[in-house]
Protein chains: 4
Amino acid sequence: MVAVMHSEHPSAIPQNGRLGRPRSVEADGAILRATREALVELGWSKVTVGDVATRAGVAKTTLYRRWAGKNELVVDAVAVLFDELELPDLGSLAADVESVVLRFAALLDRPETRTALMAVVAEATRDEALRRRIRTAIVDRQKCLVLEGRARAQARGELPYEDDPAAAARNADLIFDVIAGAVVHRTLVSAEPVDAGWARGFTVLLLSGLASLQR
Amino acid sequence: MVAVMHSEHPSAIPQNGRLGRPRSVEADGAILRATREALVELGWSKVTVGDVATRAGVAKTTLYRRWAGKNELVVDAVAVLFDELELPDLGSLAADVESVVLRFAALLDRPETRTALMAVVAEATRDEALRRRIRTAIVDRQKCLVLEGRARAQARGELPYEDDPAAAARNADLIFDVIAGAVVHRTLVSAEPVDAGWARGFTVLLLSGLASLQR
Amino acid sequence: MVAVMHSEHPSAIPQNGRLGRPRSVEADGAILRATREALVELGWSKVTVGDVATRAGVAKTTLYRRWAGKNELVVDAVAVLFDELELPDLGSLAADVESVVLRFAALLDRPETRTALMAVVAEATRDEALRRRIRTAIVDRQKCLVLEGRARAQARGELPYEDDPAAAARNADLIFDVIAGAVVHRTLVSAEPVDAGWARGFTVLLLSGLASLQR
Amino acid sequence: MVAVMHSEHPSAIPQNGRLGRPRSVEADGAILRATREALVELGWSKVTVGDVATRAGVAKTTLYRRWAGKNELVVDAVAVLFDELELPDLGSLAADVESVVLRFAALLDRPETRTALMAVVAEATRDEALRRRIRTAIVDRQKCLVLEGRARAQARGELPYEDDPAAAARNADLIFDVIAGAVVHRTLVSAEPVDAGWARGFTVLLLSGLASLQR
DNA sequence: CCCTAAACGAGACGGTACGTCCAGTCTTCAC
DNA sequence: GTGAAGACTGGACGTACCGTCTCGTTTAGGG
């Protein structure tokens with residue numbers, strides 16, 4: 001993975017002029033850190049903006065200058081964690097898939113993502129801007145793992161190069177929804193652990209199915 | 001599917017004795033109906049208990065006597081919709097899967113489920129009782145579709161009978177998470193439509209993968 | 001004093017026919033007793049009808065069949081206590097007045113009257129029926145003490161017989177308001193004790209003033 | 001009377017530092033005015049904090065930040081009216097007393113005091129803080145009228161100067177309870193008008209009695 | 001000895017107000 | 001002009017009582 005390591009404070013780019021006191025640079029980081037801390041302790045629904053501000057040692061005003069509300073704040077706070085997702089080359093597609101499944105499951109097992117992810121997705125069903133934010137901050141970051149894995153497998157000769165770029169994109173999306181969906185559902189809805197056994201079984205199912213898609 | 005048609009008011013079973021005025025039987029139904037209506041109009045986060053009570057023509061007290069809060073109420077309100085999920089015998093496993101995928105996607109596309117489902121799942125990460133309620137009211141109802149579909153496919157000779165019951169259960173769970181997860185993720189996270197094409201592609205992937213699991 | 005010893009349950013006179021189960025005779029007494037008990041423990045504003053019913057071992061319905069609400073109930077509950085007020089003949093008007101002042105103050109010092117009396121008077125400013133109830137149940141009972149004391153003093157020759165009955169009534173009312181008002185104010189507003197010294201001082205003031213009124 | 005004209009917002013003195021937005025100065029006045037208005041229209045028991053806030057064009061929060069509850073609020077709202085009580089020098093003690101009796105009665109006849117005064121006194125029997133508040137906000141204001149009237153009468157030679165300061169204080173208290181008590185009782189309990197005739201009769205009684213106390 | 005009719009207990013009902021909490025905005029002073 | 005502090009409006013929360021109602025269950029007297 002390229003590890004974009006996006007800056008922790010893309011929050012807003014006010015800087016209308018160059019006048020006045022510049023924004024505290026530490027504030028953004030402190031706020032996001034406080035948000036994650038609050039999520040761990042209290043869970044999504046009990047986190048309050050005021051409390052986050054207090055934890056961050058920051059006034060509510062400061063926080064609202066940078067984020068529109070709780071939803072946006074939490075998306076950004078959690079998004080950082082998805083930067084950790086990487087796809088080390090383990091030599092085979094199966095190993096790569098198993099690895100990413102386990103890493104993704106581990107990420108969803110952290111209390112801050114666990115409580116926040118579904119909540120913001122739920123909010124997003126009614127809020128296009130939030131949906132975009134989630135997509136760019138979280139979903140796209142995961143989706144490129146799929147693309148990267150496929151490219152690597154193709155380079156290895158495990159998967160054929162596809163002629164039709166539309167079909168290729170369609171397949172990538174399908175695979176992405178299957179992987180992410182299965183892991184999320186297992187973890188958050190079924191509330192059962194994603195262990196090595198499950199990951200292996202899932203990978204077998206996925207790769208066999210995948211093979212038949214390519215034919 | 002057996003279409004259990006569970007009673008609309010499992011809300012609470014106080015009935016300590018037979019003393020006192022009995023609870024209004026219509027109230028439960030009216031409240032759940034009002035809840036769905038409010039979900040459609042306002043979306044999860046804007047639904048308020050007071051508003052639901054008003055819509056149902058019921059006092060807040062009455063509502064709180066039967067449900068502990070918004071979460072429990074919404075689970076029960078939405079659960080009813082999952083009773084509609086059926087698995088008509090279309091003659092082949094592939095047709096059955098495609099059909100259930102489309103039906104499930106259609107259910108998730110309804111505004112009341114769309115906005116509510118992820119929200120209650122999110123809350124459930126911090127609330128064991130709610131998690132149980134979701135499981136019994138919603139998840140288990142879906143899972144039995146998987147079992148039913150498999151039994152039917154086995155009867156048709158499309159799938160072998162499994163010797164190891166534990167492995168059989170494990171596979172059923174895996175398939176359930178893959179199907180439900182993929183559809184949910186496609187619908188709510190990726191926010192893309194589950195159309196006939198997607199359903200066909202997904203089914204091909206699933207069934208091919210499935211075949212290899214059995215070997 | 002005549003010690004009317006009014007029955008403890010004038011609560012209502014339903015008895016439309018003679019049919020059906022007759023009202024429990026103990027209930028009235030138990031309810032009034034429970035009301036006083038609750039007044040002592042909780043004070044007027046925290047007493048609830050439901051709690052009184054429970055204490056009396058009676059259903060709320062039963063209570064509401066007999067009293068219109070908290071106000072009426074409390075008036076009746078407290079009224080009984082005013083029956084205790086008597087005017088023993090101590091041989092002189094001064095002694096009689098001092099005695100009744102002290103007795104009245106002692107009555108107002110009881111927690112149930114203390115907390116209830118002003119409250120119902122306050123409610124009565126907006127409720128003519130309640131005002132009448134207070135008058136007949138409490139005020140008139142005290143006022144006849146004044147009349148009795150005057151008659152006795154006249155018999156003793158301490159006070160002249162008045163010719164004008166209107167003036168006599170006016171004076172009695174004035175004296176009543178002065179005595180009752182001073183004691184109530186001292187006890188409940190100034191919140192200072194009515195002891196023997198105060199009673200003596202007040203009696204001197206009153207009787208001297210009284211003498212000049214008669215001239 | 002000196003007409004202290006105490007500020008209309010002694011409600012609370014938080015002012016921990018000088019930080020933050022200062023409390024709205026108009027709010028206090030608007031709230032107290034709205035309280036009196038509501039008292040007039042609805043009477044004590046039907047006044048609600050929420051309604052007062054609405055009338056004052058203020059959020060409930062704002063009101064609760066300044067007063068602990070309905071009792072405290074009403075005391076302050078009514079207290080202002082007692083500032084109007086003055087003791088104009090009419091040249092003789094009798095005239096002064098008659099005048100203050102009529103003024104006080106007129107004050108108690110106003111619907112806002114009528115309904116509120118006894119109610120808060122009733123509550124105060126169970127609440128030491130409220131009792132203190134009543135004393136400083138209302139009672140003490142009246143009591144100084146007594147002291148002023150006596151000083152004036154002494155200056156005129158109508159009353160002797162007292163040697164014993166303790167006895168002087170005792171007498172002032174007694175006179176205060178007798179005047180205030182009689183007027184309150186006549187007005188609120190007996191519910192009869194305090195007219196010129198009654199005031200004259202009462203004054204005669206009081207002053208004659210008073211004379212004998214000094215001897 | 002049952003029948004009728006009211007009173008009973010229990011507790012659910014529609015309401016109203018409570019006092020608290022949080023969201024998001026606004027106002028002040030200090031830097 | 002930014003930042004901390006905190007007051008502001010607005011609105012939902014969940015609880016507590018109110019006074020009414022609807023049950024099933026006594027408990028009389030009159031037939």
Side-chain angles (χ1 to χ4, degrees), chain A residues 14-24 27 45-51 53-54 56-70, chain B residues 14-24 27 45-51 53-54 56-66 68-70, chain C residues 14-24 27 46-51 53-54 57-70, chain D residues 14-25 27 45-51 53-54 57-66 68-70:
Chain A
Q15 303 308 68
N16 25 323
R18 194 152 311 283
L19 295 166
R21 175 170 170 180
R23 287 202 179 162
S24 157
S45 64
K46 295 219 165 53
V47 167
T48 69
V49 178
D51 179 45
T54 306
V58 138
K60 255 200 302 180
T61 325
T62 302
L63 199 156
Y64 273 110
R65 237 192 291 274
R66 296 161 196 232
W67 286 276
K70 194 165 125 174
Chain B
Q15 298 312 65
N16 20 327
R18 193 148 313 282
L19 291 167
R21 176 173 173 176
R23 291 200 177 162
S24 159
S45 64
K46 295 217 165 53
V47 167
T48 70
V49 178
D51 179 47
T54 305
V58 140
K60 244 197 316 176
T61 323
T62 300
L63 201 157
Y64 275 112
R65 227 189 302 275
R66 299 162 194 230
K70 196 166 122 174
Chain C
Q15 301 310 68
N16 25 324
R18 195 151 310 286
L19 293 167
R21 176 172 171 178
R23 288 198 178 164
S24 157
K46 296 221 164 54
V47 167
T48 70
V49 178
D51 179 46
T54 306
V58 138
K60 251 198 309 177
T61 326
T62 301
L63 199 156
Y64 274 111
R65 234 189 297 275
R66 298 159 195 233
W67 285 277
K70 193 166 126 176
Chain D
Q15 300 312 65
N16 20 326
R18 191 149 314 282
L19 290 167
R21 177 174 172 175
R23 291 199 177 163
S24 158
V25 260
S45 64
K46 295 217 165 55
V47 167
T48 69
V49 179
D51 179 47
T54 305
V58 141
K60 245 197 313 178
T61 323
T62 300
L63 200 157
Y64 275 111
R65 205 173 290 132
R66 298 161 194 232
K70 194 164 125 174

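This is a predicted model, so every value here is computed, not measured. The chains referred to below are lettered A, B, ... by the order of the sequence lines, with proteins before strands, and numbering in each begins at 1.
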query: Just by modelled atom types, is the A53(D) backbone N or O under 3.5 Å from a matching donor or acceptor in the K60(D) side chain?
result: no
statement: Here the pair of heavy atoms bringing V58(D) nearest to T62(D) is CG1-CB, 3.6 Å
task: Return the nearest nucleotide to the side chain of R66(B); candidates are dT9(F), dC13(E), dA5(E).
output: dC13(E)
- request: Using only side-chain N and O atoms of R65(C), determine if any of them is under 4.0 Å from OP1 or OP2 of dC8(E).
  value: yes
query: To 10°, what angle do the rotation axes through the five end pairs on each side of the helix from dC1(E)-dG31(F) to dC31(E)-dG1(F) form?
result: 10°
Distances under 3.5 Å only, N/O to N/O: pair up the protein atoms with those of nucleotides 12-15 of chain F.
| unit_1 | atom_1 | unit_2 | atom_2 | d |
| --- | --- | --- | --- | --- |
| dC13(F) | OP1 | V49(B) | N | 3.0 |
| dC13(F) | OP2 | V49(B) | N | 3.2 |
| dC13(F) | OP2 | G50(B) | N | 3.3 |
| dG14(F) | OP2 | Y64(B) | OH | 2.4 |
| dG14(F) | O5' | Y64(B) | OH | 3.3 |
| dG14(F) | N7 | K60(B) | NZ | 3.0 |
| dG14(F) | O6 | K60(B) | NZ | 2.9 |

field: Within-4.5 Å side-chain heavy-atom neighbours: Y64(A) and V49(A)
entry: yes
Separation of dC18(E) C1' from L63(D) CG (nearest whole Å): 13 Å
statement: Correct closest heavy-atom pair for R66(D) and R23(D) would be NH2-CB, 3.6 Å
message: Whole angstroms only, please: what is the CZ-C1' distance between R23(B) and dG14(E)?
response: 15 Å
field: Gap between atoms CG and C1', on L19(D) and dC29(E) respectively (whole Å)
entry: 7 Å
Just the table, please: protein N/O against nucleotides 26-29 of chain F N/O, every pair under 3.5 Å.
| unit_1 | atom_1 | unit_2 | atom_2 | d |
| --- | --- | --- | --- | --- |
| dT26(F) | O2 | R21(C) | NH1 | 2.7 |

- prompt: Under 4.0 Å: is that the gap between some side-chain N or O of S24(C) and OP1 or OP2 of dA7(E)?
  reply: no
